[in-house]
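Shown next, in structure tokens, is the structure this report addresses.
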Number of protein chains: 2
Amino acid sequence: MPNERLCINVRNVSFPANETGRHFHVNGITVNKTTQTVESAADGGAFHIEDVYPQIDDGRFAVKRIVGERVEVWADIYRDGHHVAAASLVWRREQDRQWRREPMTHHGNDRWSGSFVPDAPGRYVYAIEAWTDEFATWRHGFELKQKAGVDLNLDAIEGAGMLTKAQCGGPAATAIIVRQCENYLRTGDVAPLLTAELNDAMAESQLRPDLTRSPLFPFVADRPRARTGAWYEMVPRSQGLTPGQHGTFKDCIARLPDVAAMGFDVVYLTPIHPIGHINRKGRNNAVTAAAGDPGSPYAIGAAEGGHDAVHPELGTLEDFRGFVAACKLLDIEVALDFAVQCSPDHPWLKQHPQWFRRRPDGSMRYAENPPKKYEDIVNPDFSSEDAGALWNALRDVVLFWIEQGVNIFRVDNPHTKPFRFWEWLIHEIQLRHPDVIFLAEAFTRPKLMKGLAKLGFTQSYTYFTWRTQKWELEQYLNELTAYPERDFYRPNFFVNTPDILPYHLQSGETWMFKSRVALAATLSSTYGIYNGFELLEHDPIPGKEEYLDSEKYEIKVRDWDQPGNIKPYIRDLNRARRENAALQQTSQLRFIPIDDGNVIGFVKESVDQTNTVVAAIALSREVHEFWFPVGDVEVGVAGDRRHVAAVENLITGERYPVEWGGIRLRIDPVRDPALLFRCLA
Amino acid sequence: MPNERLCINVRNVSFPANETGRHFHVNGITVNKTTQTVESAADGGAFHIEDVYPQIDDGRFAVKRIVGERVEVWADIYRDGHHVAAASLVWRREQDRQWRREPMTHHGNDRWSGSFVPDAPGRYVYAIEAWTDEFATWRHGFELKQKAGVDLNLDAIEGAGMLTKAQCGGPAATAIIVRQCENYLRTGDVAPLLTAELNDAMAESQLRPDLTRSPLFPFVADRPRARTGAWYEMVPRSQGLTPGQHGTFKDCIARLPDVAAMGFDVVYLTPIHPIGHINRKGRNNAVTAAAGDPGSPYAIGAAEGGHDAVHPELGTLEDFRGFVAACKLLDIEVALDFAVQCSPDHPWLKQHPQWFRRRPDGSMRYAENPPKKYEDIVNPDFSSEDAGALWNALRDVVLFWIEQGVNIFRVDNPHTKPFRFWEWLIHEIQLRHPDVIFLAEAFTRPKLMKGLAKLGFTQSYTYFTWRTQKWELEQYLNELTAYPERDFYRPNFFVNTPDILPYHLQSGETWMFKSRVALAATLSSTYGIYNGFELLEHDPIPGKEEYLDSEKYEIKVRDWDQPGNIKPYIRDLNRARRENAALQQTSQLRFIPIDDGNVIGFVKESVDQTNTVVAAIALSREVHEFWFPVGDVEVGVAGDRRHVAAVENLITGERYPVEWGGIRLRIDPVRDPALLFRCLA
């Protein structure tokens, strides 16, 4: 191979300005620039790239993770033959064109991994690229032959020939390749071809034969609030102090110190829009309203405006912005209710009659879930010929409230609107506002709830509200925290809602309210209570899991400090949550067997492994004495894992040593049904 | 709703010849023809269609099944809201345009299933279609409201309105719809709208709102031989009877009665092509051949021809066709070796020099797997500029042998050629010849072996050849028979090959040879032996798992009836296989715990559930007495399953009752290491 034929292909190197063609010269050596084609692993690329983790339904839906946390990606990567493979993990924001590139490591059995840290909230995609490392393949065979004592002259020339085809990653690598190539050609000694620095320089080569790319896998990096938050559901009309008088945003502001003292992160308001007059519901969902009845806030829209207006009795839009600002001062976020439904006097019915379906007699089609009828509500028709305008109008509603400082939307009954609408809406909004969080209020069949989570809802309501037995709590949490569900379904455990007063709360026992809020606050990193829970409100419509005299249909005034309230208890729980990162995530959870069917035990560990919490929570009223076998719990970061040596009560600060593999504990639920401990090494 | 506006949309109904527009009249009623659009579930269709079974890598590769056997398909199917869903399973041959349609049934929790029976071998696709059954939705709501005593006049009119939009499945359904619609309009009574016959007629409607189709999932329906067969690997050069004289196809024909008497279904011949002279290997793989050495049959091609020629010393192409015909008379199939490699004097090297790579000094690049060198073999270069012509030439080789009556190809070392070549080749061949079977001879890393099976190889070699311990046999079979692997990887258990004389056979003990062939023949529905196994041949190259004086490099002449042979034992095994459908499939297998680490027990059941076999096979030489707990084995078809009552020895016909949950057994491996029983109800 005569020296004068030596040429080196270089890419991503600063070229002299006049070298724009396919060839140029460096140190008197001819350099080629070439292009690279990428093949698809899904369509006959040289490499098979399989069993990719994490992904949801083969990339149809986005994996959900938290910004700033490392995403590990694993895959089987292999091609035919005995070649040395190389692989990169590439990733970018969905709307960017430029890929970022991370190395992947082979762990044996053709299993590879790489990782990256998304540094800003938003929607991303990742993919895996694999190619043949021809120089490493050559070097591997060369060294085997060297050991076997085979003649190597031709092999050395072939190795040097590869140097002339490298497309270097940078000037430093180019210099090494040129130098070692010259060294070999000058001396005829193969040693320069086998140096580690040359191997590294060649590994940087942009010439990637057989380059094959996996399909793109979408993922969302959300801000931490998407995973962690204590929610307080507030019905604004009932925040006033004068009986019979409609609460206002100013009253809501006055409530905030109380809510902040309990340690809540999010205040979620039921709908704040003008309420319809036609077919307005009376107290306890009566079909006709009495004079002065305020109607359901879910019957949205009246002459005063629709989804982008505020109910005049609450105040003005300016007042609402004041409320948002007041929350911000207390480090509380505002969540709004987004209910895609209209009262019969919502302005859209006149402005866009084509968005609504009429019955054969020309009457309006009210919402119904046979045999239930919602005469005060009309659903827009998502299959109308003008549905595109409807979709845009709904998107604009969300954008309007984002303008007012709202970044969290609790979506009412999303499962009764087309999936594709939500997938489109959430995508539209999050591309512009990656901080926006959507909570799906769907209490429906399991597959639908999961489907909504897959298509983009940041968080989801759950069946926790009705799960009371140890076996069913364990089974449900094991389902929620298993892959892939943990990567698309972020639970928000509500203990009650304006629609749900579960049977187990109806006797109003303090220990049960405490047990339920302790379970919600510790099993799930996001949970919520609906106002009144802290006051142990528990009067049902007889035989139903519904509140009697619900404030959905009337104005309530409460004494928020009434005796027997559990506000201090909730405050302590929320403080424990803030102080322990283990409680700020849901999926790193493992149940600990306790030989008492009415005490549930578990361990949670923070994502960074710096914090570990064990908990034992009573599910029945009697005193429980039991052995808590926490001895096999490991604490500490990877490389420095140790068995737990002692535990410290998160509320009282008391410490207990872990001896003989556990601790003996006693729970008197009347005092406190939950024991929470930090684990000490 | 005035009667004169009533119109019915009809599709797939015989229209009067003059009615070619969008409207026509039946019974004086206006009929519209409309078109239907199908949306993709992968891209925002109204329905989510998820967790589809069976499929390989989300439809990237084809599921493998046997023609004539029912394929059950399962999926999660759901849409938003409370509508009644309907779904069809649609399927067709890959090259057809017309779908066949099967009903799907809802099993609760939004899980659906349907099934079909592929009636001819070939490549197919299936998909799932879901749509909203608006009439059933209406009927469901109507009945709920009826119970609740709600006013139903408008609802009835709406239901009747739906009748006018139906696109009927056929004239009978049309007649029912028209009649019941008229009945309602005439009487005003809703009863006609709620009849079962109307419901059924409406379910046939071709109007399928929200019609959503899943991605297409490919599958292959192979002929039964793809799953079931006993293979006999024959080296033709050694089938002669005169020492030192090259065997011929006529000698091979003379061997056939012996092979047929042993009960083999497939005779697989090592390569039958002219053998190269350049760098020909000598005995025991010597680098230089002595005068008269025949060389390796894998060094394919010489002046006499290449892959489409026969080695003159074996006879003529006509002789080969005679061999195929002789096999056919004995109900034996012929498998040929397809080894994509050339001797240095293969005609292609002169005809297509561009298909072969040369080294920097102009010399030919021989095959190598460093530090091993195969000087008598040159691999074509699949990345050559002219690779398209190479691919076509190789396809034509396969087509040539299909012309000669060969329908099974054992492919040598497929893992060292590009995956996409095999995917293309197998697809090309099977589209024209769906009966053709490809066996992948890849002894390499697990992922590559699975990858070849996924991309289309009908059968695959396995690690069984080296698996001897109970735990590793159980683990390996559990892997092979688990979904999805059982649906793409069809094992062919070879006890030995010309390349592999495993250590456990090297002592030549009869019981071990019997144990190994019994394991292969019963654990896997396809298995094979390489000739000489039946004679207990076992002399190795010292320290290696290779045959000494291998007939790969010399001509052998054996006494095929020499004393000590186990031909009768193999004959009995193959007879048991033919008589018991349970042994003609691999994946319906469950291990039965036996309290002896050197006896492996299992049960297999035929696909149609009419035959159940239990087996206990010794893995060590000593006598074993043990309890065989088969009492929980169920026999009989679905709906008539019973616990096994007795077992009958497949070889001796002896019967034993199953009492106290099992049978007490004794194995003396020197007599017979395997006990095989049919289960009786």
Side-chain angles (χ1 to χ4, degrees), chain A residues 1 42 44-48 50-51 57-60 76-82 109-111 140-145 147-150 153-154 157-158 161 209-210 359-361 363 368-371 373 383 414-424 444-448 451-452 454-455, chain B residues 1 42 44-48 50-51 57-60 76-82 109-111 140-145 147-150 153-154 157-158 161 209-210 359-361 363 368-371 373 383 414-424 444-448 451-452 454-455:
Chain A
M1 188 176 49
F47 281 86
H48 282 193
E50 299 174 348
D51 201 8
D57 290 1
D58 217 46
R60 164 71 181 85
D76 287 348
I77 300 173
Y78 58 93
R79 56 157 289 177
D80 59 286
H82 307 286
N109 196 19
D110 297 304
R111 191 84 181 143
H140 179 69
F142 190 91
E143 288 174 340
L144 287 173
K145 291 181 194 175
K147 277 185 204 150
V150 178
N153 189 39
L154 270 179
I157 292 174
E158 286 169 347
D210 311 307
R359 308 198 68 179
D361 65 351
S363 68
E368 55 181 346
N369 185 11
K373 293 199 162 206
S383 63
H415 57 290
T416 57
K417 289 91 198 171
F419 293 149
R420 68 188 115 186
F421 166 69
W422 295 120
E423 194 167 8
W424 169 85
T444 180
R445 302 180 337 254
K447 301 286 168 64
L448 272 72
L452 289 162
K454 283 182 183 179
L455 65 79
Chain B
M1 189 175 49
F47 281 85
H48 281 194
E50 298 174 349
D51 202 8
D57 290 1
D58 217 47
R60 164 70 180 87
D76 287 348
I77 300 174
Y78 58 93
R79 57 157 288 179
D80 59 286
H82 307 287
N109 197 18
D110 298 304
R111 190 84 180 145
H140 179 71
F142 191 91
E143 288 173 340
L144 287 173
K145 290 181 196 175
K147 276 184 205 152
V150 178
N153 189 38
L154 270 179
I157 294 173
E158 286 169 349
D210 312 308
R359 308 197 68 180
D361 65 351
S363 67
E368 55 181 348
N369 185 9
K373 292 200 162 201
S383 63
H415 57 290
T416 57
K417 288 90 197 172
F419 293 149
R420 68 187 114 186
F421 166 69
W422 295 119
E423 195 167 8
W424 170 84
T444 179
R445 284 142 41 215
K447 301 287 166 62
L448 273 73
L452 290 162
K454 284 182 183 178
L455 65 78

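Here is how names work: the chains are called A, B, and so on, in the same order as the sequence lines, proteins then strands, and each is numbered from 1.
- Residues satisfying the ring-ring contact (aromatic ring centres under 6.0 Å, His included) criterion with B:Phe421, sequence neighbours excluded, are B:Phe382, B:Trp391.
- By the side-chain hydrogen bond (donor to acceptor under 3.5 Å, both in side chains) test, A:Asn109 is found to be paired with no residue, residues two or more places apart in sequence or in another chain being considered.
- Classification of the A:Phe419-B:His48 ring pair by plane angle, with boundaries at 30° and 60°, yields tilted.
- Chosen from B:Gly141, B:Ala46, B:Ala148, B:Gly45, the residue pairing most often with chain A at heavy-atom distances under 4.5 Å is B:Ala46.
- Ranking B:Arg111, B:Lys145, B:Lys147 against chain A, the residue ahead of the rest is B:Lys145, based on heavy-atom pairs under 4.5 Å.
- Looking at heavy atoms from C-beta onward, A:Asp58 lies out of side-chain contact with B:Arg60 at the 4.5 angstrom threshold.
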Could you please spell out the steps behind the side-chain contact (heavy atoms from CB on, under 4.5 Å) verdict for B:Asp51 and A:Lys447? CA-CA 11 Å; B:Asp51 202 8; A:Lys447 301 286 168 64; over 6 Å; no

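- Contact of B:Glu143 with chain A is not made at all, since no heavy-atom distance falls under 4.5 Å.
- Residue contact with chain A, scored on non-hydrogen atoms closer than 4.5 Å, involves the side chain of B:Ser363 exclusively.
- Of the residues considered (B:Asn153, B:Asp57, B:Leu448, B:Thr444), B:Leu448 shows the highest number of contacts with chain A, using heavy-atom pairs under 4.5 Å.
- With a 4.5 angstrom heavy-atom cutoff, B:Glu50 touches chain A only via side-chain atoms.
- Contact tally against chain B (heavy-atom pairs below 4.5 Å) for A:Arg420, A:His140, A:Glu423: the top residue is A:Arg420.
- Heavy-atom minimum distance, A:Asp210 versus A:Phe47: O-CD1, 3.6 Å.
- For the options B:Pro414, B:Pro370, B:Gly149, heavy-atom pairs under 4.5 Å to chain A are most numerous at B:Pro370.
- Only the side chain of B:Asp76 comes within less than 4.5 Å of a heavy atom of chain A; its backbone N, CA, C and O stay farther away.
- Residue with the most contacts toward chain A among B:Lys417, B:Arg359, B:His82: B:Arg359 (heavy-atom pairs, distance under 4.5 Å).
- In this structure, the portion of B:Leu455 lying under 4.5 Å from any heavy atom of chain A is its side chain and not its backbone.
- Each of B:Leu154, B:Leu144, B:Thr416 has some count of heavy-atom pairs under 4.5 Å with chain A, and the biggest count is that of B:Leu154.
- In this structure, A:Arg445 and B:Tyr78 approach most closely via the heavy-atom pair NH2-CB, 4.2 Å.
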